[in-house]
Amino acid sequence: MVAIDHPPWTPTSWQERPAAQQPEWPDPAALDGVLKTLSGYPPLVFAGEARQLTDSLARVAAGEAYLLQAGDCAESFETFSANSIRERLKIILQMAVVLTYSAGVPTVKVGRIAGQFAKPRSSDVETIDGQSLPSFRGHMVNDVEFSEAARRADPARLVEAYHQSAATLNLLRAFTKGGFADLSRVHHWTQEFVRTSPEARRYETLADEIDRALRFMRATGIDPADQATLHEVDFYTSHEALVLGYESALTRIDSLTGEHYDCSAHMVWIGERTRALDGAHVEFFRGIANPIGCKLGPTATVEETLALCEVLDPDRTPGRLTLITRIGAERIAEVLPPLIEAVRSAGHPVVWSCDPMHANTFTSPSGRKTRHFDQILGELREFFAVHRSLDSWPGGVHVELTGDDVTECLGGAENLADDQLDLRYETMCDPRLNGRQSLDLAFGVADLLRT
Ligand code: PEP
Ligand code: CO
């Protein structure tokens with residue numbers, strides 16, 4: 001096995017390793033100042049909450065629950081509003097209800113939200129009409145607009161990302177604990193534009209059944225008002241911990257356990273482009289006690305996967321490590337089985353989750369970067385089949401979506417066509433499922449979970 005010599009870990013020991021996908025900060029002194037400021041700011045999450053998520057993920061690893069990790073590809077500083085947060089939460093709550101109710105499996109809900117501001121890019125520069133500028137790396141770093149000023153990496157954006165994450169988390173906590181996520185409100189989570197669609201009718205039928213179940217409980221003398229789990233939802237935040245200066249500035253020692261937690265989110269993950277075993281990201285992640293994810297693409301080998309498991313989960317802690325495979329509908333049946341078998345033999349109680357988005361991206365004839373719903377559901381179908389054939393639990397799904405009525409992914413029940421992509425193509429980065437397609441996908445996954 002590939003073994004890497006690891007000297008003692010500190011929140012900044014990653015600086016001794018090559019760090020892929022980091023912005024070029026033109027003013028290092030300004031960056032240092034910002035990171036100092038951030039390291040004095042309050043943590044965004046409690047270590048105790050992150051531990052609770054590890055416990056819930058341990059149930060997923062044991063085959064007793066399902067993980068739904070969903071949200072934006074890249075959050076935006078511009079479309080930041082109560083409305084946008086609520087709409088994203090609504091679709092995730094709907095999907096979770098579909099999964100829990102139709103498949104009878106508890107769903108662990110984790111948003112790609114309140115911190116998903118940094119993007120890895122396939123090229124450091126973008127060239128348009130002969131002009132080359134730094135690539136857009138997410139609002140935490142620079143802006144999408146193609147101009148020199150907009151593309152300059154600005155450390156003040158790190159502080160803005162912190163504040164937007166804090167405000168987003170604050171509203172999410174209010175919504176999920178303050179009555180909005182109450183099961184008696186399942187009917188209210190449907191978006192206006194989705195309301196008349198076949199998926200919405202299917203959802204309404206299910207919501208009616210939930211109403212009936214609640215009435216039945218009341219009639220038998222169980223007061224739903226006493227059942228906290230019917231009124232509140234545990235909702236966790238996550239993002240790709242890409243810009244390591246930001247993540248290590250938000251790393252704190254938990255006073256209860258003495259362990260380090262990256263308090264920028266409950267869960268953080270390592271992307272496909274930054275999972276090098278001797279790289280800075282793996283070094284940073286091995287020392288934080290949060291539940292963590294690691295993406296595995298089509299080229300991931302058994303050797304690499306085992307080495308990553310050994311570094312990231314040396315104690316074989318259930319729920320600590322989620323392996324998020326993003327292999328592609330075409331290759332998953334061939335690539336995934338040896339990985340599952342090797343990880344199992346090595347004794348790592350990981351969560352296996354499927355990201356059916358990132359390896360099914362292509363440029364359509366109209367020139368738009370897109371994904372087809374059939375391939376997305378296709379990769380998930382194969383993911384379930386492979387796991388089932390190996391008696392392994394297909395633990396979760398990881399998707400990019402928005403509650404809005406966008407036209408970014410092809411197909412789905414509305415059968416979105418290539419010439420419709422231009423209508424509302426709004427993503428700053430990757431194509432996301434819209435509200436209807438997301439609901440559709442949830443029903444598809446619920447069917448797979450049931451059979
Ligand atoms: C992402 O999740 O947005 C992403 C870039 O994924 P990956 O690292 O799998 O390409
Ligand atoms: Co993406």
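All values reported here derive from a predicted model rather than from experimental measurement. Each ligand, and each atom within it, is numbered from 1 in the order the structure gives.
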Check Asp419 with Arg368, please: is the shortest side-chain N to carboxylate O separation under 4.0 Å?
no
Looking only at protein heavy atoms, what sits closest to atom 3 (O) of ligand 1 is Lys119 NZ, 2.6 Å
Nearer than 2.8 Å to the Co ion (ligand 2), the protein contributes N, O or S atoms numbering 3
All heavy atoms of Val60 vs all of Gly395, minimum pair found to be CG1-O, 3.4 Å
In the structure I gave you, are the side-chain heavy atoms of Glu379 and Ile327 within less than 4.5 Å of one another anywhere? yes
When rounded to the nearest 0.5 Å, the distance separating OG of Ser76 from CG of Asp143 is 8.0 Å
Ligand 1 to Arg112, heavy atom cutoff 4.0 Å, flagged ligand atoms 1 (C), 2 (O), 3 (O)
Closest non-hydrogen contact found for Asp278 with Pro18 is O-CD, 3.6 Å
Atom 10 (O) of ligand 1 sits nearest the protein heavy atom Arg326 NH2, 2.9 Å
message: Is the distance between the ring centroids of His163 and Phe80 under 6.0 Å?
response: no
Check: Checking side chain to side chain donor-acceptor pair (under 3.5 Å) for the pair Thr361/Arg371: CA distance, chi angles, key distance, verdict?
Finding: CA-CA 5 Å; Thr361 315; Arg371 293 156 172 162; 3.0 Å; yes
Does the plane of the ring in Phe175 sit parallel, tilted or perpendicular to the ring in Phe180? Use 30° and 60° as the thresholds.
tilted
Any Met357 heavy atom less than 4.0 Å from ligand 1 | no
* **Any N or O of Glu272 closer than 3.5 Å to N or O of ligand 1** => yes
To the nearest 0.5 Å, atom CH2 of Trp14 lies from atom CZ of Arg286 at 14.5 Å
A student checking ligand 1 against Gly271 at a 4.0 Å heavy-atom cut-off should list atoms 8 (O)
CA sep, side-chain torsions, deciding dist, call: Phe77, Phe117, ring pair (Phe, Tyr, Trp, His ring centres under 6.0 Å):
CA-CA 9 Å; Phe77 284 179; Phe117 293 110; 5.3 Å; yes
the protein heavy atom lying closest to atom 5 (C) of ligand 1 turns out to be Pro120 CG, 3.6 Å
So for His358 against ligand 1, with non-hydrogen atoms under 4.0 Å, the contacting part is side chain
For atom 6 (O) of ligand 1, the closest protein heavy atom turns out to be Lys295 NZ, 2.8 Å
